[in-house]
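In the text below, chain A, chain B and the rest are named by the order of the sequence lines, each starting its count at 1.
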Number of protein chains: 2
Amino acid sequence: MNLSIAEENYVKSIYKLQEGDAVVTTNALAYELETKPASVTDMAKKLKEKKLIDYEKYKGITLTSEGRTMALQIIRRHRLWECFLVDKLAFSWEEIHELAEELEHVRSEKLISRLSDYLGNPVIDPHGDPIPDAQGKMAKPRPQTSLDQANARRLVVTAVTDQSTALLAFLNAKNIKLGTQLEVIAHYEYDNSIEIKLKQHPAITISELVAKNIMVRPV
Amino acid sequence: MNLSIAEENYVKSIYKLQEGDAVVTTNALAYELETKPASVTDMAKKLKEKKLIDYEKYKGITLTSEGRTMALQIIRRHRLWECFLVDKLAFSWEEIHELAEELEHVRSEKLISRLSDYLGNPVIDPHGDPIPDAQGKMAKPRPQTSLDQANARRLVVTAVTDQSTALLAFLNAKNIKLGTQLEVIAHYEYDNSIEIKLKQHPAITISELVAKNIMVRPV
DNA sequence: TTTATTATTTAGATTTGTCTAAATAATATT
DNA sequence: AATATTATTTAGACAAATCTAAATAATAAA
């Protein structure tokens, strides 16, 4: 089946919001796709017609197994292009998402399989997320949490959820990037700020807002 | 200015049909884009509004200098991706066009400039066509003609105009590919067939139809 | 130069994906 | 349980890109 770019984006977002098997609500999907709930309802009817989702009025959305297969293909394409951009074209991790967002819609099984070979068939992308193989199989996602909720002491940065230039500039100034290892020194209850220490750097204190946008996993 | 994919395809095709400065007719453009003349008229009004073309009813279409700049950017993207597909992913010359046709619509100056660097800033693409630089400057197109009209004796294959699988299979069987050098032995007036010889192969005779679809330049 | 042919444009419709505003359903609050 | 709030859907509209059929302009042929 051949999906439009819009349809692909819906399928991908539904997959993302499902996180396993949760039902996705109209509003959540609208928010994720930066569109209006009415548009989501319209598209839900179309995707149901194409048997990519299960959908009943007011009951929310889940992917069918066919929809899940489509989603995994799109995610595969996205993550392989991200690898390409970082490994071959030396882009930094904060620049790649929106480019991969466009490249992922070039549908060619052959292109993707050759790209994968060319990259050495990587199994995780530059954000640390697993890459589905051609059959849609992939490793379990790493158990990442936002920095403000992490309970381990020694952590590694896996992603940044807010791509605003203000945040990225801040992280740059503090030498925090993808793969950076850090140690949590203290939580300050008063404003939920967190004191952290990077190797070869003095300890710094970051606000709750910043901590919420830094994703980490135990090292 | 930000063009839609449809608009980019129009601009690119107008550039191609102009071949310098010729006026492009509605019908010719419709044929090139595999669409209907009425659709071309509609789009012509839009592109005129955006100052990318000069257009007066019944008088045909030409690009403005702004339109030409856009066209050269699109062609640059297209040809760089073709280089990537052949040089890095080992695609053959007959497979790359339609993939590049999609990849060319990812608009990112930075992506293209890095891709160009990565490829060693090539100045001709796998079909032998020149690649515009970031400023839109490019070498003169090679003087290619179809094999049936070539007057030189020793030639090199630069392109195939008909991408049908039947023709490609034929060329494959005869070991004719991009860059293949050949020598014209004889023209047979009766049916306009041509006898040619490839190095390390016995001479073969090809029909006028085949010869018309093989582009060559003197070696 | 009148007529026939071909090229182009217009008018009106269609599809896809979106929107706003209003209606309805589901859920939460009192 | 009645009411308020929030979530979702429907109805109707819109923009982009296309189409068909009919009208008009340009060109070729008689």
Just how far, in rounded Å, is C1' of C:dC19 from CG of A:Leu33? 15 Å
Whole Å only: how far is the CG atom of A:Leu47 from the C1' atom of C:dG17? 12 Å
Tell me, please, which residues at least two apart from B:Glu104 pass salt bridge (Lys or Arg N to Asp or Glu O under 4.0 Å). B:Lys12
What does nucleotides 6-17 of chain D look like as a protein-contact string, B for base, S for sugar-phosphate only, - for none, at under 4.0 angstrom between heavy atoms? -SBBB-----SS
Residues passing the salt bridge (Lys or Arg N to Asp or Glu O under 4.0 Å) test with A:Arg107, sequence neighbours excluded, are A:Glu8
Non-neighbouring partners of B:Arg79 that pass salt bridge (Lys or Arg N to Asp or Glu O under 4.0 Å), sequence neighbours left out: B:Asp125
List for me each residue that meets side-chain hydrogen bond (donor to acceptor under 3.5 Å, both in side chains) alongside A:Asn121, sequence neighbours excluded, and say none if there are none. A:Ser116, A:Asp117
Please report, to 0.1 Å, the donor-acceptor pairs under 3.5 Å made by any side chain of residues 18-33 of chain A, with sequence neighbours excluded.
residue, atom, partner, partner atom, Å
A:Gln18, OE1, A:Leu63, N, 2.7
A:Thr25, OG1, A:Ala28, N, 3.2
A:Glu32, OE2, A:Lys16, NZ, 3.2

